[in-house]
Amino acid sequence: MHGYIEREGSLNLVQPEFRAVVAALRDQVTHRFGGRLHSAYLYGSVPRGTARVGRSDLDVLLALHDDPTEADRTEAQNLEAELDAGFEVIDGAGILLFGRDVLLSELERYDLGWFVACLCTPLLGDDLAEHLPRYRPTSLLARETNGDLGDALPRWRRQAAEATEVAEALRVAEAAETAEGAEATEGTKATEGAADAALRSLVRGASRKLVRTAFTLVLPRYGGWTSDLAEQAEIFGRYYPERAEQLRKIAVLAGNPVADRNVLDMYTENLGPWLAAEYLTVHGAKAPRPQES
């Protein structure tokens with residue numbers, strides 16, 4: 001029988017360069033959410049002590065006493081923007097909002113519950129992990145964490161098409177300005193940069209999802225856990241050597257994304273459909289959520 005997955009991360013592992021932004025986050029979350037906040041957590045590279053200055057984002061989960069409102073979401077978005085603008089050591093901030101009851105629900109026991117118990121580091125409030133079980137690397141865990149890749153593929157196709165259309169329209173406009181002997185306007189350049197940034201963000205997010213899904217595909221056979229994407233790709237390659245090199249490259253793109261539509265097309269038309277089908281065969285589909293039914 002496989003052993004339990006131990007919780008990763010610790011506030012003691014936060015590197016000196018990132019302590020100021022974590023302190024600012026703690027203060028602002030307390031100020032902005034007050035009595036609505038049950039608890040706050042860090043996850044990702046910052047609490048694991050592997051963050052890269054100027055390249056890593058700050059990942060946060062807030063558990064509220066009740067379901068989040070639109071006002072809560074706006075507050076979180078404003079805080080994300082302020083942290084990103086105020087601290088050059090991070091490349092963006094992301095704040096997830098959930099109600100306490102959702103995180104502790106039976107439906108989320110092997111997805112969000114596992115996420116909080118094993119991948120989140122307590123920052124404020126009472127730790128919800130005390131109300132959750134310990135977890136083993138089982139097929140049930142694999143199914144409930146990443147058995148929804150097939151649902152992501154149409155969304156990635158749509159987002160890639162939208163970002164590409166904007167980028168292409170701007171390039172055409174810039175070419176027309178150049179042909180007329182005028183330099184591209186600052187507004188055109190800035191908007192084009194934003195379009196490329198949107199493509200890079202999509203490549204980064206999709207790359208992470210693909211590598212993690214590939215890893216959890218083989219999770220029960222491997223019998224352990226790592227959040228390091230390069231390690232996840234290598235472990236997957238032991239069981240699917242014909243896809244090993246492809247996963248290694250995707251793991252690199254997760255940390256160094258490019259604004260390349262061809263990469264996204266490979267994800268949505270080649271690796272993604274194969275991985276989604278293989279996942280369904282091995283583990284089955286993730287249980288539908290209320291908003292998905």
Side-chain angles (χ1 to χ4, degrees), residues 1-14 22 25-26 29 33 36-51 56-68 76 93-149 208-209 211-229 231-232 235 279 283-291:
M1 178 65 69
H2 296 306
Y4 293 109
I5 298 174
E6 297 298 328
R7 191 180 218 170
E8 65 178 21
S10 167
L11 295 182
N12 293 330
L13 294 177
V14 175
V22 170
L25 169 71
R26 181 190 290 111
V29 165
F33 292 91
R36 287 186 55 72
L37 181 73
H38 175 275
S39 48
Y41 307 81
L42 298 177
Y43 67 95
S45 61
V46 171
R48 293 200 304 267
T50 60
S56 297
D57 45 8
L58 181 66
D59 296 313
V60 184
L61 183 146
L62 302 184
L64 306 182
H65 286 289
D66 300 304
D67 290 339
I95 300 175
L96 302 177
L97 292 175
F98 294 101
R100 174 187 179 278
D101 289 347
V102 170
L103 294 172
L104 295 180
S105 68
E106 187 65 29
L107 183 62
E108 294 295 343
R109 180 64 51 86
Y110 288 91
D111 187 14
L112 290 175
W114 168 80
F115 181 71
V116 169
C118 294
L119 302 189
C120 287
T121 297
L123 180 68
L124 289 167
D126 296 331
D127 186 7
L128 288 175
E130 296 177 2
H131 304 282
L132 292 162
R134 299 191 69 188
Y135 294 87
R136 298 181 188 273
T138 62
S139 183
L140 173 60
L141 182 62
R143 185 187 76 206
E144 291 303 305
T145 51
N146 286 307
D148 57 352
L149 178 61
R208 291 177 176 180
K209 175 67 171 178
V211 174
R212 289 167 179 161
T213 302
F215 172 65
T216 53
L217 172 64
V218 302
L219 180 67
R221 285 191 277 176
Y222 173 62
W225 180 265
T226 176
S227 287
D228 184 282
L229 294 176
E231 291 181 7
Q232 289 185 344
I235 293 165
Y279 216 95
H283 299 302
K286 183 175 183 174
R289 270 48 182 171
Q291 64 270 23

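Here, residue 1 is the first one in the sequence, and each next residue gets the next number.
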Undergrad: Between Tyr43 (side chain only) and Gly9 (backbone N and O only), is there a donor and an acceptor less than 3.5 Å apart?
TA: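 Not at all, since once roles are kept as given, no pair shorter than 3.5 Å links the two residues.
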
Undergrad: Can you name the nearest heavy-atom pair linking Arg7 to Cys120, along with the distance?
TA: NE-O, 2.7 Å

Undergrad: If the condition is side-chain contact (heavy atoms from CB on, under 4.5 Å), which residues does Asp66 pass it with, not counting sequence neighbours?
TA: Arg36

Undergrad: Ignoring hydrogens and angles, tell me if any N or O in the side chain of Gln232 forms a donor-acceptor pair with the backbone of Thr226 under 3.5 Å.
TA: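 Yes, because the side chain of Gln232 sits within donor-acceptor range (under 3.5 Å) of the backbone of Thr226.
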
Undergrad: Quick one: NE2 on His65 to NE2 on His38, what's the gap to the nearest 0.5 Å?
TA: 6.0 Å

Undergrad: Nearest 0.5 Å, what's the CZ-CG distance between Phe33 and Leu124?
TA: 11.5 Å

Undergrad: Can you check side-chain contact (heavy atoms from CB on, under 4.5 Å) on Leu123 and Val29, steps first, answer last?
TA: CA-CA 10 Å; Leu123 180 68; Val29 165; 5.9 Å; no

Undergrad: At their closest point, which heavy atom of Leu103 faces which heavy atom of Ala63, and how far apart are they?
TA: CD1-CB, 3.6 Å

Undergrad: For Leu42, run the side chain to side chain contact (heavy atoms under 4.5 Å, CB included) check against Leu61, Val22, Asp59 and tell me which one passes.
TA: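 Of Leu61, Val22, Asp59, side chain to side chain contact (heavy atoms under 4.5 Å, CB included) with Leu42 is met by Val22 alone.
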
Undergrad: Can you tell me how far the CZ atom of Phe215 sits from the CD1 atom of Ile235, to the nearest 0.5 Å?
TA: 4.5 Å

Undergrad: Do you know the tightest heavy-atom contact between His283 and Thr216?
TA: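 Nearest heavy atoms, His283 then Thr216: NE2-O, 3.6 Å.
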
Undergrad: Tell me, do Arg143 and Thr138 make a side-chain contact under 4.5 Å, heavy atoms counted?
TA: no

Undergrad: Do Arg289 side-chain atoms and Leu107 backbone N/O form a donor-acceptor pair below 3.5 Å?
TA: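 Yes: the side chain of Arg289 pairs with the backbone of Leu107.
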
Undergrad: Kindly give the heavy-atom pair with the smallest separation between Ala287 and Glu144, and that separation in Å.
TA: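 Answer, listing the atom of Ala287 first, then Glu144: N-OE2, 3.2 Å.
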
Undergrad: Sequence neighbours excluded, which residues qualify as side-chain contact (heavy atoms from CB on, under 4.5 Å) partners of Ser45?
TA: Arg48, Thr50, Ala51, Ser56

Undergrad: Could you tell me whether the side chain of Leu229 reaches within less than 4.5 Å of the side chain of Arg208, counting heavy atoms only?
TA: yes

Undergrad: Which is it for Val116 and Phe98 under the side-chain contact (heavy atoms from CB on, under 4.5 Å) test, yes or no, and what are the steps along the way?
TA: CA-CA 11 Å; Val116 169; Phe98 294 101; over 6 Å; no

Undergrad: How far apart are the closest heavy atoms of Leu217 and Pro220, and which atoms are they?
TA: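 Residues Leu217 and Pro220, closest heavy atoms: O-CD, 4.1 Å.
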
Undergrad: Looking only at heavy atoms, which two atoms of Ser39 and Leu128 are closest? And how far apart?
TA: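 Nearest pair, atom of Ser39 first, then Leu128: OG-CG, 4.1 Å.
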
Undergrad: Can you sort out the partners of Ser10 under side-chain contact (heavy atoms from CB on, under 4.5 Å), two or more places apart, ordered by chain and number?
TA: Asn12, Leu13

Undergrad: With rounding to the nearest 0.5 angstrom, report the CG to CG distance, Leu37 to Leu64.
TA: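 It comes to 6.5 Å.
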
Undergrad: CZ/Arg136 to CD1/Ile5 distance, rounded to the nearest 0.5 angstrom?
TA: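 So the gap between those two atoms works out to 10.0 Å.
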
Undergrad: Rounded to the nearest 0.5 Å, what's the gap from CG on Leu97 to CG on Asp67? Could you check?
TA: 11.0 Å

Undergrad: Scan Leu104, Leu112, Asp127 and name whichever one has a side chain to side chain contact (heavy atoms under 4.5 Å, CB included) with Leu132.
TA: Leu104

Undergrad: Hey, which of Trp114, Tyr135, Tyr4, Phe115 is the one that makes ring pair (Phe, Tyr, Trp, His ring centres under 6.0 Å) with Trp225?
TA: Trp114

Undergrad: Mind running side-chain contact (heavy atoms from CB on, under 4.5 Å) on Lys209 and Leu149 for me, showing each step along the way?
TA: CA-CA 8 Å; Lys209 175 67 171 178; Leu149 178 61; 4.1 Å; yes

